[in-house]
Amino acid sequence: MFFVIPFLFASAIIVIALLFSLILKQFFHPPIAKIPVYMAIAAGAGIIYYGYKILRGFEGAMFSLVGIFTIMEGWMILSFLKGLFHKNFFTNER
């Protein structure tokens, strides 16, 4: 239970970033569509800092875990799902 709740919160952050990315992908180029995922990774770094410096104890540890999982999931999406951000991801056209 200690790792499940932060993982689910981080997954919610990443899902929201992916939805914004898919919306931006329809109107802009792929590098611009990656901006919400980059912002989620930056938010993860901010969450780690907030959990480490401002919050103390177990609450800070849980906040830091949310940030760590957010960074890990965002990095995995950017590295393993590269084709997701191209315009023709949902079609068979090349």
Side-chain angles (χ1 to χ4, degrees):
M1 202 62 159
F2 186 73
F3 292 110
V4 173
I5 301 300
F7 179 76
L8 292 176
F9 282 147
S11 296
I13 293 169
I14 292 297
V15 165
I16 291 169
L18 272 177
L19 288 175
F20 281 126
S21 291
L22 291 175
I23 291 170
L24 286 176
K25 180 181 80 167
Q26 300 299 322
F27 302 111
F28 298 106
H29 296 290
I32 295 174
K34 292 179 186 178
I35 289 175
V37 179
Y38 290 138
M39 289 175 56
I41 291 172
I47 289 171
I48 290 173
Y49 178 77
Y50 182 75
Y52 181 71
K53 284 291 188 181
I54 296 174
L55 297 178
R56 297 293 178 170
F58 287 108
E59 294 88 3
M62 293 296 277
F63 251 68
S64 296
L65 280 176
V66 170
I68 289 169
F69 283 133
T70 303
I71 290 173
M72 287 173 43
E73 289 179 13
W75 174 76
M76 289 177 70
I77 284 172
L78 287 176
S79 62
F80 296 123
L81 297 177
K82 293 177 186 175
L84 180 71
F85 297 103
H86 294 294
K87 292 246 185 215
N88 57 0
F89 179 72
F90 293 111
T91 63
N92 291 331
E93 299 174 6
R94 291 280 172 188

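In what follows, residues are counted from 1 in the order of the sequence shown.
Hydrophobic cluster membership is shared by Leu18 and Phe7, with clusters built from Ile, Leu, Val, Met, Phe, Trp and Tyr side chains linked at under 4.5 angstrom. In the hydrophobic cluster analysis, where Ile, Leu, Val, Met, Phe, Trp and Tyr join through side-chain heavy atoms closer than 4.5 angstrom, Ile32 is grouped together with Ile23. In the hydrophobic clustering of this structure, Phe80 does not group with Ile77; members are Ile, Leu, Val, Met, Phe, Trp, Tyr whose side-chain heavy atoms approach within less than 4.5 Å, directly or through other members. Taking hydrophobic clusters as Ile, Leu, Val, Met, Phe, Trp and Tyr residues chained together by side-chain heavy-atom distances below 4.5 Å, Ile5 shares a cluster with Val66.
Rounding to the nearest 0.5 angstrom, the gap separating the CD1 atom in Ile41 from the CD atom in Glu73 is 10.5 Å. To the nearest 0.5 Å, atom CD1 of residue Ile54 and atom OH of residue Tyr49 are 6.5 Å apart. Taking CG of Leu55 as the start and CD1 of Ile47 as the end, the distance is 11.0 Å to the nearest 0.5 Å. Going from atom CG of Leu65 over to atom CZ of Phe2 covers 5.0 Å, rounded to the nearest 0.5 Å. Rounding to the nearest 0.5 Å places CD of Gln26 at 10.0 Å from CG of Leu24.
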Checklist entry - Can Ile35 and Met39 be said to form a side chain to side chain contact (heavy atoms under 4.5 Å, CB included), step by step? => result CA-CA 6 Å; Ile35 289 175; Met39 289 175 56; 3.8 Å; yes
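Across all their heavy atoms, Ile71 and Gly44 have their closest contact at CD1-C, 3.9 Å. Between Thr70 and Ile14 the shortest heavy-atom distance is O-CD1, 3.7 Å.
Between Tyr38 and Leu78, some side-chain heavy-atom pair lies under the 4.5 Å cut-off. The shortest side-chain heavy-atom distance between Phe69 and Phe3 falls under the 4.5 Å cut-off.
Within the 3.5 Å criterion, the main-chain N or O of Lys34 finds no donor-acceptor partner in the side chain of Ser21.
Note on ring orientation: taking the six-membered ring where Trp is involved, the planes of Phe63 and Tyr50 are tilted (angle from 30° to 60°).
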